[in-house]
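A short write-up of the structure that comes next.
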Amino acid sequence: MKPQSNEDNLLLRLHKWASRQDENFLTEAFAHLLCHLRDHEPKVAVRIVARLTDNCLEIPLEDVVELDITPQPTTQRGRPDLELRTLDHLVYVEAKLESQPGEKQITRYREQLRESGVSNTTLVLLTRYPPVLSGEDEFPDVSRRWYEVAEWLERELENHVISDPTSVFLMEQFVGFLKRRNIAMNRVGWELPAGIRSLRNLLMMLGEAIASRKLQVTRSGAWDWIGYYLENQKFFLGVYFDHPEVVVFETSKVTISRDAAERLAVGRLEEIRALPGGIRWVQQLELESEEVHFFALSREQQMQRLEKFLDDSLKLAGQIIESKME
């Protein structure tokens with residue numbers, strides 16, 4: 001597979017509008033891919049489903065058309081992320097990204113499977129990280145990781161058994177999405193040293209842009225992001241590691257007027273319960289976009305572009321702030 005940029009990957013482009021619905025977005029994308037494979041690449045679909053369920057669900061090729069794939073089915077004990085159903089087998093897949101299964105969630109789905117009336121059932125837990133389950137919890141029949149799904153799909157692509165260009169496109173898009181989101185693992189390549197130096201240079205440029213505006217600043221970093229809080233945490237300017245090619249400006253400890261923000265028609269609103277007013281306004285600078293051409297600019301031009309982004313973001317944020325820091 002060739003490396004993909006954000007411009008090339010449709011799922012990445014769409015995900016920015018659903019960034020607070022990670023698990024639902026990923027589950028829907030996976031379900032769509034499985035449905036396509038069932039209808040157009042049945043041999044591949046049979047192999048992927050068998051691996052996902054640790055061979056608990058092995059479907060004869062001639063029966064693959066009977067496989068029913070339903071994201072988030074409604075049951076009496078909750079909504080598992082994905083349901084796979086044949087005439088004599090029912091599978092629930094609970095998919096997680098950053099979170100772990102909720103209290104008694106596995107137990108509830110197990111009980112639902114027992115009461116389903118289907119002769120064969122399987123409960124699969126699909127996670128980004130190794131699952132953490134206590135002795136009081138019921139355990140799934142099968143535990144899988146998202147990076148394994150990416151490896152299965154890559155193996156199918158590398159074997160060159162798929163000739164349909166649409167199937168190849170959808171599989172490459174999904175694998176590319178997992179990798180660009182760091183949900184699946186790539187090998188560590190020679191780009192690592194240069195990439196870290198470039199990220200450090202970007203952060204230094206952002207710091208210089210902030211300093212030149214004489215703003216109050218606090219450095220901030222975690223597993224998922226790195227950057228600066230501005231003006232006593234009113235705003236954040238930095239980079240999320242899932243999208244290192246995007247510089248973000250976000251409101252933080254200020255109350256935003258939803259009406260004023262919507263009238264701006266610039267940036268986007270995100271629902272964040274922990275923040276004042278329950279929303280924040282986000283403005284992005286996509287460094288790879290054709291409009292910006294950031295990586296083709298000189299150092300001085302890059303600084304000017306970042307300074308303009310900061311100035312514009314601060315000006316727009318000033319138009320939608322409803323009250324001062326709480």
Side-chain angles (χ1 to χ4, degrees), residues 5-7 12-20 198-222 224-326:
S5 71
N6 279 13
E7 297 292 325
L12 281 168
R13 299 287 289 180
L14 293 174
H15 177 261
K16 71 179 182 179
W17 303 108
S19 59
R20 298 300 157 186
S198 290
L199 177 60
R200 185 170 182 269
N201 287 335
L202 175 62
L203 292 168
M204 291 174 65
M205 287 184 176
L206 292 176
E208 184 61 29
I210 294 167
S212 68
R213 270 57 182 171
K214 296 181 170 55
L215 300 170
Q216 185 185 39
V217 61
T218 304
R219 294 179 182 177
S220 178
D224 296 327
W225 76 86
I226 190 166
Y228 304 89
Y229 278 112
L230 312 179
E231 299 296 275
N232 201 19
Q233 297 191 22
K234 283 185 178 180
F235 313 112
F236 172 78
L237 180 69
V239 172
Y240 285 90
F241 295 135
D242 281 348
H243 300 284
E245 69 290 333
V246 178
V247 176
V248 299
F249 178 96
E250 301 173 346
T251 60
S252 183
K253 292 189 175 181
V254 288
T255 300
I256 297 302
S257 167
R258 185 184 295 272
D259 290 341
E262 290 175 348
R263 284 196 299 270
L264 275 183
V266 176
R268 70 174 187 273
L269 291 175
E270 294 181 346
E271 306 289 335
I272 307 293
R273 292 182 181 178
L275 294 182
I279 58 173
R280 71 179 173 197
W281 177 74
V282 181
Q283 171 86 316
Q284 294 185 336
L285 176 64
E286 298 190 16
L287 305 182
E288 290 183 334
S289 71
E290 295 182 1
E291 294 80 7
V292 176
H293 287 295
F294 186 82
F295 301 117
L297 301 177
S298 67
R299 184 184 64 180
E300 291 75 16
Q301 290 172 326
Q302 288 179 339
M303 273 298 308
Q304 292 170 4
R305 191 67 187 83
L306 293 174
E307 289 171 346
K308 185 178 186 305
F309 174 71
L310 175 58
D311 290 341
D312 291 346
S313 298
L314 287 169
K315 181 179 179 180
L316 291 169
Q319 298 175 27
I320 60 176
I321 294 175
E322 197 168 79
S323 64
K324 295 183 178 180
M325 177 178 166
E326 298 186 2

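All heavy atoms count here, side chains included; hydrogens, waters and symmetry mates do not.
For Ser220 against Tyr229, the heavy-atom pair with the smallest separation is OG-CE1, 3.4 Å. Across Met303 and Ala209, no two heavy atoms sit closer than the pair CE-N, 4.0 Å. Across Leu206 and Tyr228, no two heavy atoms sit closer than the pair CB-CE1, 3.9 Å. Here the closest non-hydrogen pair linking Gln319 and Ala260 is O-CB, 4.0 Å. Nearest heavy-atom pair, Leu269 versus Ala261, reported as atom, atom and distance to 0.1 Å: CD2-CB, 3.6 Å. Considering all non-hydrogen atoms of both residues, Ser252 and Pro276 come closest at O-CD, 3.7 Å.
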Check the pair Lys315, Asp311 against salt bridge (Lys or Arg N to Asp or Glu O under 4.0 Å), reporting the backbone distance first and the verdict last. CA-CA 6 Å; Lys315 181 179 179 180; Asp311 290 341; over 6 Å; no

Criterion side chain to side chain contact (heavy atoms under 4.5 Å, CB included) on Leu285 and Val246, from CA distance to verdict: CA-CA 6 Å; Leu285 176 64; Val246 178; over 6 Å; no

Might you work through the side chain to side chain contact (heavy atoms under 4.5 Å, CB included) test for Leu230 and Leu310, ending with a clear yes or no? CA-CA 11 Å; Leu230 312 179; Leu310 175 58; 4.0 Å; yes

Checking Ile321 against Thr255 for the side chain to side chain contact (heavy atoms under 4.5 Å, CB included) test, could you report, in this order, the C-alpha distance in whole Å, the side-chain angles of both residues, the deciding distance, and whether it holds? CA-CA 6 Å; Ile321 294 175; Thr255 300; over 6 Å; no

Begin with the C-alpha distance, continue with both residues' side-chain angles, and end with the deciding distance and a verdict on salt bridge (Lys or Arg N to Asp or Glu O under 4.0 Å) for Arg258 and Glu322. CA-CA 9 Å; Arg258 185 184 295 272; Glu322 197 168 79; over 6 Å; no

Walk me through it: do Phe235 and Phe249 pass the test ring pair (Phe, Tyr, Trp, His ring centres under 6.0 Å)? CA-CA 7 Å; Phe235 313 112; Phe249 178 96; 5.2 Å; yes

Audit row: Val248, Phe309, side chain to side chain contact (heavy atoms under 4.5 Å, CB included) steps and yes/no: CA-CA 9 Å; Val248 299; Phe309 174 71; over 6 Å; no

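For the pair Ser289 and Val292, the minimum side-chain heavy-atom distance is below 4.5 Å. Side-chain contact between Ile256 and Leu275 is absent, with no heavy-atom pair separated by less than 4.5 Å. Residues Glu208 and Glu307 form no side-chain contact, since every pair of their non-hydrogen atoms from C-beta on lies 4.5 Å or further apart. When side chains are defined from C-beta on, Phe236 does not count as touching Val282, because their heavy atoms never get closer than 4.5 Å. Side chains of Leu316 and Gln283 form a contact here, defined as non-hydrogen atoms less than 4.5 Å apart. Between Trp281 and Glu270 the shortest side-chain heavy-atom distance does not fall below 4.5 Å. Gln216 is not listed as a side-chain neighbour of Lys234, based on a closest heavy-atom distance of 4.5 Å or more. Annotation: side chain of Arg299 is in contact with side chain of Met205 (closest heavy-atom distance under 4.5 Å).
Atom CG of Leu215 sits about 5.0 Å away from atom CD of Glu231, to the nearest 0.5 Å. In this structure, Gln302 CD and Leu297 CG are separated by 5.5 Å, a value rounded to the nearest 0.5 Å. Between Leu237 atom CG and Leu203 atom CG the span is 9.5 Å, to the nearest 0.5 Å. To the nearest 0.5 Å, the span separating CD on Glu290 from CD on Glu288 amounts to 11.0 Å. With values rounded to the nearest 0.5 angstrom, Leu306 atom CG is found 12.0 Å from Gln301 atom CD. Here the CD-OG distance, from Gln304 to Ser298, works out to 7.0 Å after rounding to the nearest 0.5 Å.
Within 6.0 Å of atom CZ in Arg213, more than 12 heavy atoms from other residues, nucleotides or ligands are found, so the atom counts as buried in its surroundings.
With respect to Glu271 and Arg273, no salt bridge is recorded, no charged nitrogen being found less than 4.0 Å from a carboxylate O. Between Lys308 and Asp312, at least one side-chain nitrogen of the basic residue sits less than 4.0 Å from a carboxylate oxygen of the acidic one, meeting the salt-bridge criterion.
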